[in-house]
Q: 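What follows is a single structure, and I will ask about it in a moment.
So you know, we letter chains A, B, ... as the sequences are listed, proteins then strands, and number each from 1.
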Number of protein chains: 2
Amino acid sequence: MDVNLRQIRAFLAVVGLGGFTRAASALNISQPALTIRIRQLEDQIGLKLFDRNTRSVQLTRVGQELLPVFQRLMRDFDSAMADIREFSEEPRGTIRVAVLPSFAAGPLPALIADFRTRNPRVSFVLKDAVGKRVLAMVRNDEVDFGIGVGGVDEPDLDTIEVCEDRLVLVYPQGHAAGDLPQATVPVISQFPLVLMDKDTSVRRLVDEAFAAAGSIATPACEATYMSTAVSMVRAGLGLAILPASAIEIRGFTDIATRPIDDVGFVRRIVIIKRRGSSLLPAVEEFTKALLAAVTGCRPASGGCLDLQVENGGAKALAMGIQGQ
Amino acid sequence: MDVNLRQIRAFLAVVGLGGFTRAASALNISQPALTIRIRQLEDQIGLKLFDRNTRSVQLTRVGQELLPVFQRLMRDFDSAMADIREFSEEPRGTIRVAVLPSFAAGPLPALIADFRTRNPRVSFVLKDAVGKRVLAMVRNDEVDFGIGVGGVDEPDLDTIEVCEDRLVLVYPQGHAAGDLPQATVPVISQFPLVLMDKDTSVRRLVDEAFAAAGSIATPACEATYMSTAVSMVRAGLGLAILPASAIEIRGFTDIATRPIDDVGFVRRIVIIKRRGSSLLPAVEEFTKALLAAVTGCRPASGGCLDLQVENGGAKALAMGIQGQ
DNA sequence: TTGCATTTATAAGAAATCCATATTAATGCA
DNA sequence: TGCATTAATATGGATTTCTTATAAATGCAA
């Protein structure tokens, strides 16, 4: 038994309009085509649905009994299709993102809040993770995409540049580091340093930048969390090197930051996606919105995340900070 | 958006079997055909459902979200189709019948009981009605068919002979009528008669038979219900002329019956259906069963309803009587 | 009763769709 | 690097579906 939706639609049209000719024109087919469709349906189910002659078309008892069945079937089908259509037209679903803690605590909340006012049926699951964990979660399909540090070159992952995030020197207000004419690796190395844990992308970057400058980063203290590192700086244990975007260094009057005058003290923030993996439309929308929001502070325009220029992206960033 | 059931089935097959080739062979189509079907579906809904290359086929996030929707849709559809199939295979529904009171009180209950043991999902609505009311109810589609008296010749109604029902003379046990060599109209006319109401088919028949014999039926008493007529006979008010099948004349030891030896004192019981009107399969089944049950006492074999011969029909009749 | 108008059914050729075979391209694995 | 497997593509053919034209039936009106 191979009943078509078109056959069912034809049946309902004939019932609704009370005749083959009218129903056929409503369905935009010729009357003979409709006659055949109805006959096919009747043949398939082995039951006569209409008693018809040239003057009248009437449901049989069987037709009467089956009418509500077919009606419900078509209603269900059409509403399911409407749901599916909304899927592509109005983003919805759950977006799962793996994010570096600094980004998760920084600009992301404001971006999400903004996105959700425009797409209320989208929900988010944020997993903050350091360095390689972001990659792993993307690869294992635990998340739809990741926001991590650039420089990955895995064959199964695609990256999209988002922005740059400078590493800055964090020092106590009034510290000698603030008065130096230049903050370079050799100069910095002379102070005790509070560095991040070896597992973090920040530390990897610091190590690489020191190595590039012919030096080795030697920590006086190590911290896993940036807030801990900041506390150490405030306690006078040393100078920290942290992302300029890090929310943890804001809001304190007793510490200051300054850029580091060596190449390499910058990390590229990228969106990381599995190659050849289709995402929810909502995810596409969101990454688009994310990129648009940071337009003003993307590498091409020389900006980076800690810039507070006047544009949507920077505003979103500011909101994120306030929101925290 | 014109999504097919075949497309949905194809989608579910690919999901279930994890590959196009396997799914195609399960669907009894070629792999390229399946590829096209899936692409059609994706094009129709504007969403990619699988991430596929030559080595792996995996649901996209969208596919994962839509899978249960499609599953439910197919399940609903298939179960509806199974219901419809049962409609033709196992009779079900409500059969509405208009029946002469004598038939309704006589053989019908047993027939229905027997039919319902074999077709438990069929229910009955019995409307007992006299003479022309049966015709009217059939014509107005108040009932699926009627059981009435033959001789109707309406262009919009079909009749099927069921059996004959003799009219018999009902007289008190020991009454002189029992000793008559012949019970003919002239003889009967000499006794006071208890006749049925003018509206009944029995009375019409009696009037016609008397007229055919050159006489006029003159009632000493008239009754609307047969049980009343019987009571009148038992009270000695006269002789009644009633259908041999009438349940009201059975079970009494103080009355007796005998056939009337004139032509015309027989009514043909027929099934009456609207011409060109399709019935529930259950109705077709039931009328078939009805005709089969009365085979032994149909006009062709010279029998009639009051015969108690040894066959299914007669047994059903007997059951009907006991059942009352 | 006879034509008329309306409506469904049928016929046949045309259009569209769908499908199967053969082939290509891609990709993991040995 | 070659092999085996699998999905995508191309193409011609088969099937289905449709439209147009026509026939048949039926209620209605003259």
Q: What residues form a side-chain hydrogen bond (donor to acceptor under 3.5 Å, both in side chains) with A/D141, not counting sequence neighbours?
A: none
Q: Using a cut-off of 4.0 Å on non-hydrogen atoms, how would the nucleic acid contact of A/R55 be classed: base, sugar-phosphate, or nothing?
A: base
Q: Roughly how many Å is it from CG in B/D51 to C1' in C/dT27, rounded to a whole number?
A: 15 Å
Q: If a pair satisfies salt bridge (Lys or Arg N to Asp or Glu O under 4.0 Å) and one of its residues is in residues 275-284 of chain A, list it, with sequence neighbours excluded.
A: A/D158-A/R275, A/K273-A/E284
Q: Output all residues satisfying side-chain hydrogen bond (donor to acceptor under 3.5 Å, both in side chains) with A/Q64, sequence neighbours left out; order by chain, then residue number.
A: none
Q: Does any non-hydrogen side-chain atom of A/V3 lie less than 4.5 Å from one of A/I8?
A: yes
Q: Should A/E86 and A/R92 count as an ion pair when the cut-off is N to O under 4.0 Å?
A: yes
Q: Holding to side-chain hydrogen bond (donor to acceptor under 3.5 Å, both in side chains), I want the full list of residues that pass it with A/R274, two or more places apart in sequence or in another chain.
A: A/S277
Q: Would you state whether a donor and an acceptor, one from the side chain of B/T54 and one from the base of D/dA7, lie under 3.5 Å apart?
A: no
Q: Rounded to the Å, how far apart are B/Q58 CD and D/dA7 P?
A: 13 Å
Q: Can you check the A/R52 CZ to D/dG27 C1' distance for me, whole Å?
A: 19 Å
Q: For residues 9-30 of chain A, which residue pairs pass the salt bridge (Lys or Arg N to Asp or Glu O under 4.0 Å) check, not counting sequence neighbours?
A: A/R9-A/D78
Q: With sequence neighbours excluded, give me every ring-ring contact (aromatic ring centres under 6.0 Å, His included) pair touching residues 134-153 of chain B.
A: none
Q: Using a heavy-atom distance cut-off of less than 4.0 Å, which residues of residues 272-281 of chain A contact DNA chain C?
A: none
Q: Residues two or more places apart in sequence or in another chain: which of them pass ring pair (Phe, Tyr, Trp, His ring centres under 6.0 Å) with B/F77?
A: none
Q: Quick check on contacts: within residues 4-23 of chain B, what sits under 4.0 Å from DNA chain C by heavy-atom distance?
A: B/R6
Q: For residues 33-48 of chain A, which residue pairs pass the salt bridge (Lys or Arg N to Asp or Glu O under 4.0 Å) check, not counting sequence neighbours?
A: A/E42-A/R52, A/K48-A/D51
Q: Which residues pass the salt bridge (Lys or Arg N to Asp or Glu O under 4.0 Å) test with B/D76, sequence neighbours left out?
A: B/R72
Q: Contact list please: residues 27-43 of chain A against DNA chain C, heavy atoms, distance less than 4.0 Å, in numerical order.
A: A/Q31, A/P32, A/T35, A/R39
